[in-house]
Amino acid sequence: MHIKKGAWIGAGASILPGVTIGKYAIVGAGAIVTKDVGDYEVAVGVSAKVVKTLDKDKFEE
């Protein structure tokens with residue numbers, strides 16, 4: 001598992017081995033993440049699916 005800068009992981013979320021959570025990505029509470037979540041993406045559910053991509057211009061580097 002690799003979690004990049006600024007990523008937010010909700011309570012009770014499970015991230016399987018080998019999965020990468022991208023920069024400033026959000027994983028919803030209780031999600032089970034089986035695949036990589038890209039930079040600025042929001043993933044929720046069981047098994048987690050990307051539901052939104054955040055505007056990267058709103059984040060400071």
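We count residues from 1, following the sequence as given. Everything quoted here is computed from the prediction, not taken from an experiment.
- D57 meets the side-chain contact (heavy atoms from CB on, under 4.5 Å) test with D55; sequence neighbours excluded.
- Grouping the Ile, Leu, Val, Met, Phe, Trp and Tyr side chains by contacts below 4.5 angstrom, directly or via other members, places W8 with V51.
- Scanning both residues, K4 and K23, for their nearest heavy atoms gives CB-N, 3.6 Å.
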Review point. What do the steps show when you test L54 against V42 for side-chain contact (heavy atoms from CB on, under 4.5 Å), and what is the final call?
Key: CA-CA 7 Å; L54 303 173; V42 179; 3.8 Å; yes
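- Looking only at side-chain heavy atoms (C-beta outward), E41 and D39 stay at 4.5 Å or farther from each other.
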Run the side-chain donor-acceptor check on residues 26-37: report pairs under 3.5 Å with partners two or more places apart or on a different chain.
from : atom 1 : to  : atom 2 : distance (Å)
T34  : OG1    : S47 : OG     : 3.4
D36  : OD1    : T20 : N      : 2.9

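- The CE atom of M1 lies 8.5 Å from the CD1 atom of I9; values are rounded to the nearest 0.5 Å.
- Hydrophobic clustering places V19 together with I3 (ILVMFWY residues linked when any side-chain heavy atoms are closer than 4.5 Å, directly or through intermediates).
- In this structure, Y24 and Y40 have parallel ring planes: the angle between them is below the 30° cut-off, well short of the 60° mark.
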